[in-house]
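Heads up: the structure comes next, in C-alpha cells.
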2 protein chains.
Amino acid sequence: MSTHDEILSLGDDLMRMHGFNAFSYYHLADALKVRPAAVHYHFPTKDALALSIVNRSREAFHAFSERVLLEADLQIRLKSFVRIFAENADTGKICLMGAAGADFYSLSEDTRGAVRLFVLDIIAWLTDLLDEGRQCGDFTFDGLPRTRALLIATNLAASLHMARILGKKEFQSISGQLVKDICPSKKSTKRSSSKVRGK
Amino acid sequence: MSTHDEILSLGDDLMRMHGFNAFSYYHLADALKVRPAAVHYHFPTKDALALSIVNRSREAFHAFSERVLLEADLQIRLKSFVRIFAENADTGKICLMGAAGADFYSLSEDTRGAVRLFVLDIIAWLTDLLDEGRQCGDFTFDGLPRTRALLIATNLAASLHMARILGKKEFQSISGQLVKDICPSKKSTKRSSSKVRGK
DNA sequence: CAATATACTTACTACTTAGTAAGTAGTCAA
DNA sequence: TTGACTACTTACTAAGTAGTAAGTATATTG
C-alpha cells in the first residue's frame, strides 16, 4: 500500500478510535516510519485529511452496497450491514457517524458536508432495504421506512459507544434485539410476549 | 455560582459540544475571566476535571430520577427522559454518554469507571420504568426490559449526533417514533400498518 | 493581633501542535 | 542527458498545551 493510502487507513483508525483532536501529524508519521512533513505532502492540512477520510469511507460504503446486491435475501443484507458494526465493536472502534458527529464542530464546513452526504447515503440505502423488505413481508415495522432506518442507524452507532463503556457483550444484546424487532418470526408476536418474558 | 461550579458547568458544556480533547485550561479560564492557574487550583489535572464533570452529571441524573417520581404516569416519565435529550438537540450538544464514549480512550481508568456507573444508573432506571410499564400495560415491547432500555438509550444518544449532521428535525422523527413504538395506541397495531403507510 | 486558610495571580517550564520552506534522491520521458 | 516530476527529508516557526512554583489579597479564627 502507498504511503498516501496508509495515512488514510491509519487516519481513519485513529479518528474512530481516539477522535479527530486526539491524534497529530507526528502520530501518523511515527507509526508509518516517515517524517511529519511527508504527511503534510500528501494532506497539506488536517482538515484535508479529515475530508479524505470521510470520502474514503463513503466510497467503501458504496462498494459494500454493490457487493451486497449479490445477496438476494433482504434479511441477510441487513445482517451484513449489522456485521460491519459488530467488527468495529470487536476492535473497540466507533463508526464514522459517531466519531464525526462527536467532533462535528472541529471539522470544516466542507468536511461536515461530506459527513452529511455519507450519512445520507447510509440512510437512503437502509430506507430502500426496509421499504422493499416490508412490501415483500421480510420486515415488519411501524412508521415510515426512513424513520425506521434512522432508528436502526442510531441504535448501531451508539451501540459501539455502549460496547466501550459497558462491554462488548452489550453490542450483541442490542443488535440481536434490533434484528428480531423487524424480522417477523413464526412463533412470537408483539402482544403475546408482554407477560411470558421476565426482566 | 462559585468559580469551582462555573468551571464544572462550562467544562461539561465544552466536553459535550466540542469533545474532551478540544478544549484547554486556557479556554475555561478565558471564558470565566480568570487565569489558567485558577482552574488548576480547583482541578489540578484535566482528568480530575473530567472525573468531576462525569460525577456531576451522575448526581444531576439522580436528582432527575427523584423529581420524576412525583409524576405517576409512566409514559409521561419516559417523555420527561426524552425531553432531556431534546433540549440537547436544540443547543447542538450531545449527551455525556455519547461524548465520553467517543473520547473514552482519552480518559483515565477512574474516569471510565465513573462513566460506566453513570450509564449503568441510566440503564437501570430505564429498565425499571419499562418493566413496571409493561406489567401495568403502559408499555408494549418484545424482549428483556434491560435490552429495550439499551435500545432506547442508544437511539436517543445517537439521535443527537444525527441532529448535528442531518438537522434538528431528525431528532423529532426518531424520538417520536421511539415513543410510539412502545406506547400502545388504540387505533393502530404493528401488523395492520404494513401496507397503508407509504415511504 | 497574629496565624491560618481560601482563592486566586504572575511567571514560568517542557512539550506538543499544525504548518512551511528549502533541499534531495530516484524515476521517467523527450 | 537534461529537465521535470514524485516522494520524500531536514530544519524551522509560532502558537498552544498541561502543569508547577511562588507570591498576594482577603477573610476567618484562636
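Not measured: the values here are computed from a predicted model. Here is the naming used below: chain letters follow the sequence lines, and residue numbers restart at 1 for every chain.
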- Message: I'd like to compare against my own output: the B/S/- annotation of nucleotides 11-24 of chain D with a strict under-4.0 Å heavy-atom distance to protein.
- Response: ------SSBBB---

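Both the sub-6.0 Å distance and the 45° axial angle are not jointly satisfied by A:Lys93 relative to the ring of A:Phe85. In this structure, B:Lys46 forms a cation-pi arrangement with B:Phe20, its terminal cationic atom sitting closer than 6.0 Å to the ring centre and no more than 45° off the ring axis.
Both B:Ile94 and B:Ile84 sit in one connected hydrophobic cluster of ILVMFWY residues. Membership requires side-chain heavy atoms under 4.5 Å apart, directly or through other members.
If you check residues 2-17 of chain B against DNA chain C, the residues with a heavy atom closer than 4.0 Å are B:Thr3, listed by number.
Between A:Asp12 and A:Arg16, at least one side-chain N (NZ, or NE/NH1/NH2) sits under 4.0 Å from a carboxylate O, which counts as a salt bridge. A salt bridge is defined here as a Lys NZ or Arg NE, NH1 or NH2 lying under 4.0 Å from an Asp or Glu carboxylate O, and B:Lys180 with A:Asp142 fails to meet this definition. By the 4.0 Å N-to-carboxylate-O rule, B:Arg146 lies close enough to A:Glu170 to be salt-bridged with it. Using a cutoff of 4.0 Å between basic side-chain nitrogens and carboxylate oxygens, A:Arg148 and B:Asp181 are scored as salt-bridged. For the pair B:Glu109 and B:Arg112, the salt-bridge criterion is met [side-chain N within less than 4.0 Å of a carboxylate O].
Atom C1' of nucleotide C:dG19 and atom CG of A:Leu49 are separated by 14 Å, given to the nearest angstrom.
Summary for the helix from C:dC1-D:dG30 to C:dA30-D:dT1: the axes at its two ends, each from 5 pairs, differ by 10° when rounded to the nearest 10 degrees.
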- Task: In sequence, state the C-alpha distance, the side-chain angles, and the governing distance for B:Asp90 and B:Lys168, and then conclude on salt bridge (charged side-chain N to carboxylate O under 4.0 Å, His left out).
- Result: CA-CA 7 Å; B:Asp90 281 338; B:Lys168 291 173 187 175; 5.4 Å; no

- Message: One pair to check against side chain to side chain donor-acceptor pair (under 3.5 Å): A:Ser65 and A:His62. What are the steps and the verdict?
- Response: CA-CA 5 Å; A:Ser65 68; A:His62 291 162; over 6 Å; no

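B:Arg35 has no side-chain polar atom (N or O) that falls below the 4.0 Å cut-off from OP1 or OP2 of C:dC8.
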